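Being a predicted model, the structure only gives us computed values, none of them experimental. Naming: A, B, ... by sequence-line order, numbering from 1 per chain. Reckoned from all heavy atoms, side chains included, excluding hydrogens, waters and symmetry mates.
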Amino acid sequence: MDLRAVRGMKDILPEHVGQWHRLERTFRAAAERHGYAEVRTPLLEPTELFVRQIGESTDVVEKEMYSFERHGDALTVRPEGTAGVARAYVQNAVQGKEPVSRWYYLGPMFRAERPAKGRLRQFHQAGCELFGDPGPVCDAELIGLVAEVVGELGIGDYRIHVNSIGSKAAQARYREALRSHFAPIAGSLSEDSRRRLQTNPLRILDSKSPEDAAAIAAAPTATELLDGDDAAHFQGLCRYLESLELPFVVDPKLVRGLDYYTRTLFELRTTTDELGAQSALAGGGRYDGMVESLGGPAVPAIGFAMGLERLLALMPEAAAAAGPHCYLVTLGEPTHAPALRLASRLRQAGLRVELDARAASLKAKLRRADGLRASLCLLLGEGELARGVVTVKDLARHEQWEVSLEEAPRSLGTRLAEGPPPAGAGSRDG
RNA sequence: GUGGGUAUAGCUCAGCUGGUUAGAGCACUGGAUUGUGGCUCCAGGUGUCGCGGGUUCAAAUCCCGUUACUCACCCCA
């Protein structure tokens with residue numbers, strides 16, 4: 001086969017879409033309970049949007065974006081959701097319509113990384129963005145929302161990591177403090193970390209190289225350097241998380257790879273190894289400067305995104321998808337047209353009907369009805385046709401009877417409404 | 001981008017230090033039951049052994065190259 005899906009981009013086959021729907025339903029319901037409404041923004045944005053908001057020297061911008069030029073416009077397929085949503089917020093002057101906006105989104109993101117376990121080039125995120133509230137009450141509430149969704153999905157093995165890197169000014173001070181801490185010992189650092197000393201010393205902190213471990217442990221932490229307002233904000237966040245009874249760990253080494261964050265940072269990390277070397281299920285933080293840097297007023301904002309493939313990998317197996325109510329089997333060409341009409345009338349009555357007019361044996365068709373977990377199998381042969389009836393077979397109860405073609409939609413509708421057949425058979429909800 | 005691993009039937013995989021017609025399970029089809037399923041039994045496979053080259057009397061097996069997938073680094077969802 002020479003035409004395959006692009007590397008790192010996967011087909012989601014019908015057998016898995018039930019799980020996706022469950023995940024999306026759970027997320028939407030939780031977000032809407034918290035007052036969030038869905039926003040849909042384009043997959044393509046001006047390249048400049050991501051370069052300026054995510055940061056020129058970040059990995060995402062330096063090497064992971066799908067960028068191209070078309071009709072003179074430099075465009076990029078979105079690598080994340082926040083920048084586009086913030087752009088939409090500013091462009092539509094939403095701050096003038098309401099003091100606080102709660103928006104959620106759902107969809108594919110694209111990063112041209114080398115794929116690995118838990119990491120794809122097209123992956124899906126669901127996220128929330130809250131504009132107009134500086135926190136920290138809403139920060140805690142937002143983290144609570146993420147935990148709620150993850151918990152409802154049946155995922156329990158995770159930890160909430162929280163940190164604060166302060167305002168942009170505090171970050172600049174912190175960067176300097178890290179530089180003066182690491183510069184004298186640069187010789188003992190890993191090659192990557194020596195490079196990061198120049199580009200972004202914050203990210204030395206999440207280096208996993210053993211040679212960096214001691215230097216990182218001795219490094220100053222961001223929270224130590226927070227000034228009055230920043231420190232109070234972070235203390236408030238921790239206090240509110242406690243009052244929500246959300247277990248969390250303060251993780252001074254939590255530094256995220258996007259430049260736009262201010263103050264609050266958080267991640268939900270799985271404590272299992274189901275995701276290989278990856279561990280983040282969801283991540284987010286505050287980005288108080290973004291709206292203003294996009295040309296809007298100084299509106300504070302916070303948000304998060306969850307990786308849907310990663311959540312799916314940790315979700316417990318769901319029950320089998322519901323089969324059809326009726327599996328309608330024809331026997332012989334003369335029954336085809338009447339069967340088509342019967343199927344259509346049954347569907348009008350609200351039933352899920354699958355018609356099997358293959359030339360295969362009755363045995364093969366019944367086997368298929370069974371494999372699909374159909375509730376009822378309907379047999380329409382020439383004998384039935386002559387008598388104006390259809391044979392109805394309850395696959396779970398091993399009973400069969402005839403009903404007139406005329407009466408079938410009403411009779412079968414009633415029968416199916418009576419409830420599921422005995423255990424182990426019939427339809428189940430996913 | 002840099003490394004490691006893998007590549008045999010639709011799927012999951014056996015196939016030993018090279019040896020003649022390349023196997024199993026699952027799935028699928030037919031039959032046992034001329035129109036009755038899940039269990040059982042019987043039967044059914046012409047598969048570019050990823051691709052190209054090399055070594056050899058002989059290559060799925062050894063060597064080289066190449067492509068794809070995968071895992072790890074990096075970074076993140």
Side-chain angles (χ1 to χ4, degrees), chain A residues 1-8 10 13 15 54 57-64 78-82 106-127 146 150 190-193 195-196 200 203 206-209 254-258 267-270 273 275-284 303-314 323 327 329-332 335 356 358-374 376-385 391-400 424-425:
Chain A
M1 172 149 200
D2 49 352
L3 283 177
R4 308 174 48 86
V6 173
R7 178 199 292 257
K10 300 231 169 161
L13 297 177
E15 58 184 314
I54 297 175
S57 70
T58 58
D59 281 7
V60 171
V61 167
E62 270 182 356
K63 49 193 192 196
E64 296 172 2
R78 66 183 186 193
E80 59 105 47
T82 300
L106 205 56
M109 306 294 163
F110 300 82
R111 291 184 200 171
E113 304 175 87
R114 190 75 161 252
K117 194 176 183 69
R119 198 181 63 190
L120 294 168
R121 288 183 168 181
Q122 175 177 335
F123 59 102
H124 296 77
Q125 288 188 336
V146 185
V150 172
S190 67
E191 192 187 326
D192 280 336
S193 291
R195 184 175 47 79
R196 286 186 284 224
N200 190 349
R203 284 200 283 142
D206 52 19
S207 164
K208 286 164 208 142
S209 304
L254 172 60
V255 187
R256 299 175 49 76
L258 312 174
E267 262 180 26
L268 267 67
R269 295 187 189 161
T270 179
D273 57 3
L275 298 177
Q278 271 54 245
S279 65
L281 296 179
F304 74 87
M306 318 191 295
L308 301 192
E309 282 84 356
R310 292 186 180 179
L311 294 170
L312 246 354
L314 297 171
Y327 193 81
V329 167
T330 65
L331 292 162
T335 65
D356 187 348
R358 292 179 299 164
S361 66
L362 175 58
K363 177 191 186 124
K365 294 181 176 191
L366 276 166
R367 198 186 299 134
R368 176 68 181 151
D370 200 53
L372 284 173
R373 312 183 66 85
L376 301 175
C377 186
L378 310 187
L379 308 183
L380 189 60
E382 296 186 42
E384 282 90 351
L385 199 53
T391 295
V392 179
K393 194 173 166 58
D394 185 318
L395 291 167
R397 292 195 170 94
H398 299 267
E399 293 166 3
Q400 73 178 54

Measure from the side-chain heavy atoms of Ala116(A) and tell me the nearest of G37(B), C74(B), A72(B). A72(B)

Write down the atom of Leu308(A), the atom of Ala126(A), and the distance for their closest heavy-atom approach. CD2-CB, 3.8 Å

For the pair made of CG in Leu13(A) and C1' in G10(B), what is the distance, rounded to whole Å? 13 Å

Using a cut-off of 4.0 Å on non-hydrogen atoms, how would the nucleic acid contact of Lys365(A) be classed: base, sugar-phosphate, or nothing? nothing

Distance between the C1' atoms of G23(B) and U67(B), in whole angstroms? 27 Å

Using atom CZ of Arg256(A) as one end and atom P of A77(B) as the other, report the distance to the nearest whole Å. 4 Å

Taking the same atom, C1', in A9(B) and in G47(B), what whole-Å distance lies between them? 5 Å

Starting from C1' on C71(B), measure out to NZ on Lys117(A) and report it in whole angstrom. 9 Å

Who pairs with Glu384(A) by side-chain hydrogen bond (donor to acceptor under 3.5 Å, both in side chains), at least two apart in sequence or on another chain? Thr391(A)

At under 4.0 Å between heavy atoms, what does Ala369(A) touch on the DNA or RNA strands: base, sugar-phosphate, or nothing? nothing

Could you work out the separation of G50(B) and G35(B) based on their P atoms and round it to a whole Å? 44 Å

To the nearest Å, give me how far apart CG (Leu120(A)) and C1' (A77(B)) are. 10 Å

Nearest to the Arg111(A) side chain among C74(B), C69(B), A77(B), which nucleotide is it? A77(B)

Who passes salt bridge (charged side-chain N to carboxylate O under 4.0 Å, His left out) against Glu15(A), sequence neighbours left out? none

Does the pair Thr335(A) and Glu382(A) meet the rule for a side-chain contact (heavy atoms from CB on, under 4.5 Å), with working shown? CA-CA 6 Å; Thr335(A) 65; Glu382(A) 296 186 42; 4.0 Å; yes

Whichever of Ala5(A) and Leu275(A) has its nearest RNA chain B nucleotide further upstream toward 5': Ala5(A)

Which is true for Glu309(A) with a 4.0 Å heavy-atom rule: it touches a base, it touches only sugar-phosphate, or it touches nothing? nothing

Whole angstroms only, please: what is the CG-C1' distance between Leu331(A) and U34(B)? 13 Å

Contacts of type side-chain hydrogen bond (donor to acceptor under 3.5 Å, both in side chains), residue Gln125(A), not counting sequence neighbours: none

side-chain hydrogen bond (donor to acceptor under 3.5 Å, both in side chains) filter on Asp356(A), not counting sequence neighbours, yields Tyr327(A), Arg358(A)

Output the single nucleotide from A77(B), C73(B), G35(B) whose closest atom is nearest the side chain of Glu267(A). A77(B)

In whole angstrom, give me the gap between the C1' atoms of G5(B) and A58(B). 30 Å

Please enumerate all residues that pass side-chain contact (heavy atoms from CB on, under 4.5 Å) together with Asp59(A), with sequence neighbours excluded. Glu62(A), Lys63(A), Glu64(A), Arg203(A)

Taking atom P in both U70(B) and A24(B), what distance in whole Å separates the two? 30 Å

How many Å lie between CZ on Phe110(A) and P on A77(B), as a whole number? 16 Å

Nearest-Å distance once atom C1' is located in both C28(B) and A68(B): 28 Å

Touch class at under 4.0 angstrom, heavy-atom based, for Gly371(A) against every strand present: nothing

Which residues share a side-chain hydrogen bond (donor to acceptor under 3.5 Å, both in side chains) with Thr270(A), sequence neighbours left out: Thr272(A)

When the P atoms of A22(B) and A27(B) are compared, how many Å lie between them, rounded to an integer? 26 Å

Base-paired stems in RNA chain B, each at least three Watson-Crick or G-U pairs under 3.5 Å: B:1-7 with B:67-73, B:10-13 with B:23-26, B:28-32 with B:40-44, B:50-54 with B:62-66

How does each nucleotide of nucleotides 27-33 of chain B score, in 5' to 3' order, for protein heavy atoms under 4.0 Å: base (B), sugar-phosphate only (S), or none (-)? --SSBB-

Mind checking the P distance from C63(B) to C26(B)? Whole angstroms is fine. 35 Å

With sequence neighbours left out, what residues match Leu254(A) under side-chain contact (heavy atoms from CB on, under 4.5 Å)? His161(A), Asn163(A), Asp251(A), Arg256(A), Leu265(A), Glu267(A), Arg269(A)

When rounded to whole Å, the CG to P distance for the pair Leu385(A) and G35(B) reads 17 Å

Selected nucleotide, minimal atom distance to Leu379(A) side chain, candidates G35(B), A72(B), C69(B): G35(B)

Please check the phosphate of U70(B) (OP1 and OP2 only) for any side-chain N or O of Lys10(A) closer than 4.0 Å. yes

Distance col, row Leu311(A):CG vs Leu268(A):CG, nearest 0.5 angstrom, shows 9.0 Å

Please work out if Gln122(A) contacts a base, only the sugar-phosphate, or nothing of the nucleic acid, heavy-atom cut-off 4.0 Å. nothing

Please tell me if the side chains of Lys10(A) and Gln122(A) come closer than 4.5 Å, counting only heavy atoms from C-beta onward. no

Non-hydrogen atoms of Leu106(A) and Arg78(A) that approach each other most closely: O-NH2, 4.4 Å

Which pairs of donor and acceptor atoms, one on a side chain in residues 108-117 of chain A, lie under 3.5 Å apart (sequence neighbours left out)?
residue: Arg111(A); atom: NE; partner: Pro79(A); partner atom: O; Å: 2.8
residue: Arg111(A); atom: NH2; partner: Pro79(A); partner atom: O; Å: 3.1

Who are the side-chain contact (heavy atoms from CB on, under 4.5 Å) partners of Ala313(A), not counting sequence neighbours? Leu275(A)

Remember a base hit wins even if backbone is also touched, and classify Gly383(A) as base, sugar-phosphate or nothing at under 4.0 Å, heavy atoms. base

Return the 5'-most residue of the pair Gln278(A), Glu382(A) with respect to RNA chain B, ranking by each residue's nearest nucleotide. Glu382(A)

Value in whole Å for how far the C1' atom of U36(B) lies from CD of Gln400(A): 7 Å

Table of protein N/O atoms under 3.5 Å from nucleotides 1-3 of chain B N/O atoms:
residue: U2(B); atom: O4; partner: Arg114(A); partner atom: NH1; Å: 2.9

